[in-house]
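Bear in mind that the values here come from a model prediction, so they are computed numbers and not experimental data. Each chain gets a letter, A, B and so on, in the order its sequence line appears, and its residues count up from 1.
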Amino acid sequence: MRLRKLHIDFETRSEVNLKACGVGRYAAGESTEVMCLAYKVDKLPTQIIKLDDDWNISNIRRKHPRLIGAIEDGSFSVRAHNAFFEQSIYRDILVKRFGWPEVPLKRWACTAAKAAVHALPRKLETVSKILGLNHQKDMVGHKVMQKMSKPRSQWLSKGKGDKYFTRPDQLESLYAYCITDVDCEAELDDFLEDLSPHENEVWMLDQRINHYGFKVDRDLIRNALKIIDREREQYSELVSDVTNREVTSVDQRERILQWVRDQGVSLDNMQADTLREKLKEKLPHDVRTILEARLSLGKASVAKYLAFNNYATPDDIIRGTLVYHQATTGRWAGKGPQPHNLPSRGLFKKQDPIIKAVKEGDLEWLQAVYGGGINSLVSCARGVIQAREGCELLVGDWAAIEARVLAWLTGNKPALTDYHNGVDRYKRQASLIFSVPIEEIEKGFKRDVGKQAELGCGYGMGVEKFLATCLKAGINLSPELATKAVKLYRKNNKAVVDFWGDINMAAIRAVQRKGTTVKCGLISWKFEGRFLWCVLPSGRKLAYYDPRVSMAATPWGEMRPTLSYMTEDSKTHKWVRRRSYGGLLTENIVQAIARDIMAAAMLRLDDAGFKLLLTVHDEIVAEVRRIGLLGLQKFEHVMAATPKWAVGCPIAVEAWADVRYHK
DNA sequence: CGTTCTCGCGCG
DNA sequence: AAAGCGCGCGAGAACG
């Protein structure tokens, strides 16, 4: 029997800023209201419930029996684009305020998640354009919606007039827009395959995690914000004075650059490393002052405190910070306060004393010990996340998971043997590069170089990039040594190098012979419809849209058949044709397998009763009632199990428990 | 005035 | 013989 579908889309308005505060706080906000709901039951024409309608369930049941019928019929799948938003609004407003029947999570589906799994952009406007759907997003209506969805500026500033725009013509545009969205979404839904049953389990877990949320320490956030405000102001004054108002804040990159050059000092860019180098030179006093100010304040991590504050509900819970399958490899991305890039490198080790001082406002102590308030806040940003009352956090991470997966995927025996025997692979690489017995390698320079080789050289990294990567990690080495490291890696890891060529050829063949499956070790490729599929050991498929093979030059000028495909550039967000090569495909596959290992562990942990809070690529954060050492051991044990499809993959896990998150 | 692009920074 | 890759956010500047 064909799956029956109910597509829905809300337009809402609120005093809460959705972008700044996230769906969790938005939906829970008292001022948040539904302006309309468009819905489509199977293939029937899309209907709409309007602002002035009576939204109480008794009336809706009378006026929209098909809608309520579908909602109450367990055989209907309820679908939306970015379903997390619709779920939240449905539950917090329609169920709570108007008595609508609840819809359990397992009946929901999300067309944005489906687009993501197909390696297409999540944005409905973009994806419908790319696929050339009959229904396209109504961009004029979109503008009207944005106007109507927040309070009028007159009302906000002076409390004058109506709170929202509600002219009849505007409302009609809004309704038309909402209907078009549902039509567009329904067409997209039909065009794309549903998530596999297993991936649907992963998606549902993602939704549970996002709804459950994590607790933050509001007291810490408030005091941190006070410190940030004060120091920013001090620095702004200083900068204004020194530059005669040409620069009024350390954030004005272009203006500082220009001003510094006007003082006769050359400066390539405003990157921290460049500034640090520059400060080693002899500089005019004022220039030195400005650059030092910029260095102390130009820290992305302090903005986190504001994001935390915005996202947190009145009971200090932050929800909806994970984006399922945002990376084309299937990894999650972070959102809002971005829990995926909290500072971890180069921190002051113990955050508890810093947190105490921040809460007490002991700026003198922070200044004396940590060189300033903002400087110290970087080191305790993770500590904002804490366990709920009576609970503790369990945090586990996989050791060098991608390097281990690479060894397993490529059948790289020497590496596999080392990992199975617990040999330090970074030391192994160092021993080979520096021609020193492995026992003599200690922590420090040599092992650091070995680490960069083990982690980066597996995907074709060249000498120059290796040098740059090392430099960024604070390792200074000669071009000769870099050359040696890269060459030796390739010589000593033949299986990896062979895999680059093999996987590339297999993908190219699959594109050339549409419909046939081409195997390459644990991976197989198949070109079907508009997608090149890469079947992973877990059975999950990675998508590459609109693949082509054409002759193209390598960076060193050799013409070869080259695979390319369309993708959203992860930095610019532009839809571009991208050329691939063996190293890139290898990296994508390795990252995807590591993600599958993690997703499988998340499902097992969830089954075992651990409340999951976050996933950070190779790390899982869970929360439990305080149950002591036994809980931690069980957590580690469940997390470390190898899925059936990954037998022989040498994975290793470490876990700890605490009431506060840290590195 | 709002949106889009670029730079810089943070993580895995 | 040989190309590391994957993300998001804030701020300012540029564009409309």
Give one of base, sugar-phosphate or nothing for [X], where a contact means two heavy atoms less than 4.0 Å apart.
X: A:Gly336; value: sugar-phosphate
X: A:Gly583; value: nothing
X: A:Gln271; value: sugar-phosphate
X: A:Glu254; value: sugar-phosphate
X: A:Pro555; value: base
X: A:Ala272; value: sugar-phosphate

The side chain of [X] lies closest to which of these nucleotides: [options]?
X: A:His573; options: C:dG8, B:dG8, C:dG6; answer: C:dG8
X: A:Met270; options: B:dG8, B:dG12, C:dA3; answer: B:dG8
X: A:Lys335; options: C:dG4, B:dT6, C:dC9; answer: C:dC9
X: A:Glu587; options: B:dC11, B:dC5, C:dG4; answer: C:dG4
X: A:Val497; options: B:dC11, B:dT6, C:dA2; answer: C:dA2
X: A:Asn341; options: C:dC5, C:dG4, C:dG8; answer: C:dG8
X: A:Arg382; options: B:dC11, C:dG12, B:dC5; answer: B:dC11
X: A:Gln146; options: C:dC5, C:dC7, B:dT3; answer: B:dT3
X: A:Ala303; options: C:dG12, C:dG10, C:dA3; answer: C:dG10
X: A:Ser344; options: B:dG12, C:dG12, C:dG4; answer: B:dG12

Verify the contact: side-chain N or O of [X] to OP1 or OP2 of [N], cut-off strictly under 4.0 Å; return yes or no.
X: A:Ser249; N: C:dA11; answer: no
X: A:Arg490; N: C:dA3; answer: yes
X: A:Ser570; N: C:dC7; answer: yes
X: A:Arg578; N: C:dG6; answer: yes
X: A:Lys663; N: B:dG12; answer: yes
X: A:Tyr581; N: C:dC5; answer: yes
X: A:Gln252; N: C:dA11; answer: no
X: A:Lys465; N: C:dG4; answer: yes

| query | Is atom CD of A:Glu464 surrounded by more than 12 heavy atoms (other residues, nucleotides or ligands) closer than 6.0 Å? | reply |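 No - once you tally the heavy atoms of other residues, nucleotides and ligands closer than 6.0 Å, there are 12 at most.
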| query | Is there a donor-acceptor pair closer than 3.5 Å between any side-chain N or O of A:Arg382 and the backbone N or O of A:Leu342? | reply |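 Here the side-chain-to-backbone pair exists.
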| Could A:Arg232 and A:Asp251 be called an ion pair, given the rule that one side-chain N must be under 4.0 Å from one carboxylate O? |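 The answer is yes: the pair qualifies as a salt bridge.
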| said: Less than 6.0 angstrom separating the ring centers of A:Phe531 and A:Tyr544, yes or no? | reply: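 For A:Phe531 and A:Tyr544, the ring centres are not under 6.0 Å apart.
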| query | Are the aromatic rings of A:His118 and A:Trp533 close, with centres under 6.0 Å apart? | reply |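 Yes, close enough.
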| Does the cation-pi check pass for A:Arg595 over A:Trp332, that is, NZ or CZ under 6.0 Å from the six-membered ring centre and within 45° of its axis? |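 Flagged: A:Arg595 positioned over aromatic ring of A:Trp332.
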| query | Looking at A:Tyr565, does the NZ or CZ of A:Arg548 lie under 6.0 angstrom from its six-membered ring centre and within 45 degrees of the ring axis? | reply |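 No, cation not above the ring by the 6.0 Å, 45° rule.
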| task | Using only heavy-atom distances, decide whether a donor-acceptor pair under 3.5 angstrom links the side-chain of A:Arg331 to the base of C:dG6. | result |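 It does, because a donor-acceptor pair links the side chain of A:Arg331 to the base of C:dG6 below 3.5 Å.
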| query | Start at the 5' end of DNA chain B and walk down; is the nucleotide closest to A:His340 or to A:Thr572 reached first? | reply |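 Looking at DNA chain B, the more 5' nearest nucleotide goes with A:Thr572.
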| field | Mate of C:dG4 where both pairing distances stay under 3.5 Å, Watson-Crick or G-U | value |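 Looking at the geometry, C:dG4 pairs with no nucleotide.
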